[in-house]
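Here's the structure, in structure tokens; my notes come after.
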Amino acid sequence: MKKDAPLLPADVDPCDDPGHGHRTLRLDEARDRILEAVRPIEARETVPLRASLDRVLAGAVRSTVDVPSHDNSAMDGYALSGAELPAEGERGFCVLGTSWAGRPFAGTVGAGECVRIMTGATLPAGADTVVMQEHVRRDGDVAFVTPGHRPGQHRRRAGEDIRAGDVAVPAGTLLRPAHLGMIASVGVGEVEVFRRPRVAIFSTGDELRSIGEPLGEGQIYDSNRYSMYGMAARLGLEVIDLGVVRDTREDTQRAFEEAATRADAIVTSGGVSVGEADYVVETLERAGTVGFWKVAIKPGKPIAFGRVGNALFFGLPGNPVSSMVTFYQLVQPALQKLAGQASPDVPVLVKATCQSKLKKKAGRLEFQRGLLAREADGSYTVRGASHQGAGVLRSMSEANCFIVLPLDQETVQPGTVVDVQPFAGLV
Ligand code: AMP
Ligand code: MG
């Protein structure tokens with residue numbers, strides 16, 4: 001496999017004493033360096049509008065029409081000329097007919113005249129104002145209007161949403177339900193999206209067994225491959241599962257080569273700690289450009305980042321919670337950029353009053369697992385999950401948020417306001 005030009009910033013030499021001389025980076029530093037190194041996918045494909053949900057738009061969608069196409073009513077009521085509104089006293093307007101949504105009134109509204117109008121119906125010629133039906137006294141063919149209305153009220157202008165030629169949705173947008181509606185509103189039925197990135201995942205470790213295999217002494221089931229599948233699939237990526245890779249030179253070499261030829265990104269778990277997994281380090285050195293970084297977060301041991309062949313490479317720690325935390329905080333934004341998203345999603349943070357004591361030492365940014373609740377008075381409270389060990393996956397599966405504790409924070413006493421990153425919206 002040929003070596004690519006280094007894709008890491010010049011001051012980070014990834015091959016400098018790999019696995020040992022860990023540099024310690026802050027999370028934001030590590031994230032910036034990773035994002036800098038990611039080149040978005042350029043391949044595109046055209047898909048029908050519905051199939052574009054959760055894909056990234058490659059070509060801006062421009063409108064061919066004005067939306068709405070005509071001035072129309074925002075209310076059910078009576079359309080008339082604003083100049084005719086009474087300044088004082090009630091005034092009667094002769095009702096000429098009705099303008100329905102999709103079936104406009106053909107005539108013109110003159111002085112002392114009005115037209116019954118429905119929401120979304122075109123304003124007839126001569127009318128620029130709508131009086132809500134609740135504000136009108138109707139007596140036979142006459143509608144009585146009192147003072148207090150404003151000329152031009154309840155009128156939606158043609159092109160108010162978007163004008164012909166305008167960009168309806170810019171390239172690089174992750175298409176959500178509102179975008180599908182927006183694109184449909186300008187009459188476009190097919191869109192150009194970026195090809196979905198292919199992400200290869202595998203777990204390393206001699207102790208790992210796959211579901212269905214009996215467990216021998218000291219062996220555990222491989223859970224990371226499943227949580228990683230879930231995290232990558234949620235991002236709308238194509239996941240290639242390469243299974244468990246044993247700690248042998250041959251298996252490791254084969255797995256990296258296969259992953260690099262089939263995928264745009266490789267995410268592995270396990271085997272990135274100091275003095276461990278010699279084959280991983282050795283293979284990475286041969287196959288690509290990879291650095292080992294210590295990131296000042298907890299949980300999360302050193303992570304490896306770089307390139308193998310043409311694929312981005314992320315080597316995450318093996319502890320099940322560490323691998324999830326590092327995936328969300330470092331890999332997810334990178335994969336969103338790889339997928340063509342113009343800006344990665346901004347994680348939501350809410351303030352909540354912590355109800356439990358949270359043990360912490362200064363020095364690392366911590367992502368403790370917590371349970372966020374909304375109290376009857378509308379305030380948010382949170383308490384820490386009972387077991388905060390990096391290997392205790394139940395702390396993740398029972399939690400609904402990360403409690404984000406800053407680098408220099410020490411033990412949190414009950415009653416303290418903390419930052420919380422809810423899982424909903426993050427995943
Ligand atoms: P490592 O990062 O390889 O040193 O692994 C750290 C811890 O995570 C060890 O206790 C491993 O047994 C465990 N671990 C590693 N990979 C996995 C996995 N795929 N599923 C579950 N646990 C794992
Ligand atoms: Mg291991």
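All ligand and atom numbering here is 1-based and tracks the order in the structure.
- No hydrogens or angles considered: a donor-acceptor pair under 3.5 Å links the side chains of T381 and E375.
- Assignment of E207 to the shell around ligand 1 is supported, since a heavy atom sits closer than 4.0 Å.
- Contact atoms of ligand 1 toward S203: 19 (N) (distance under 4.0 Å to a heavy atom of the residue).
- In this structure, the side chain of E213 engages the main chain of S210 through a donor-acceptor pair within 3.5 Å.
- Checked against salt bridge (charged side-chain N to carboxylate O under 4.0 Å, His left out), R157 has the following partners two or more places apart in sequence or in another chain: D71.
- Of all the atoms in ligand 1, the ones that sit under 4.0 Å from a non-hydrogen atom of S269 are 19 (N).
- Below 4.0 Å from some heavy atom of I220 lie the following atoms of ligand 1, by number and element: 12 (O), 21 (C), 22 (N), 23 (C).
- Near G271, with a cut-off below 4.0 Å to any heavy atom, the atoms of ligand 1 are 1 (P), 2 (O), 3 (O).
- The S223 neighbourhood of ligand 1 comprises atoms 20 (N), 21 (C), with distances under 4.0 Å to a heavy atom of that residue.
- Between Y229 and I201 the shortest side-chain heavy-atom distance falls below 4.5 Å.
- When the heavy atoms of L393, T268, N224 are ranked by distance to atom 16 (N) of ligand 1, first place goes to N224.
- Atom numbering of ligand 1 starts at 1 in the shown order; those under 4.0 Å from a heavy atom of D222 are 18 (C), 19 (N), 20 (N).
- Selection from G205, G318, G218 by nearest heavy atom to atom 2 (O) of ligand 1 gives G318.
- For residues 169-180, every residue pair satisfying the salt bridge (charged side-chain N to carboxylate O under 4.0 Å, His left out) rule, not counting sequence neighbours, is listed here: R176-D345.
- A cation-pi contact, defined as under 6.0 Å to the ring centre and within 45° of the axis, links R374 to Y380.
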Could you go through R163 and D166, starting from their C-alpha distance and side-chain angles, then the distance that decides it, and tell me whether this counts as salt bridge (charged side-chain N to carboxylate O under 4.0 Å, His left out)? CA-CA 5 Å; R163 296 200 167 277; D166 281 355; 5.7 Å; no
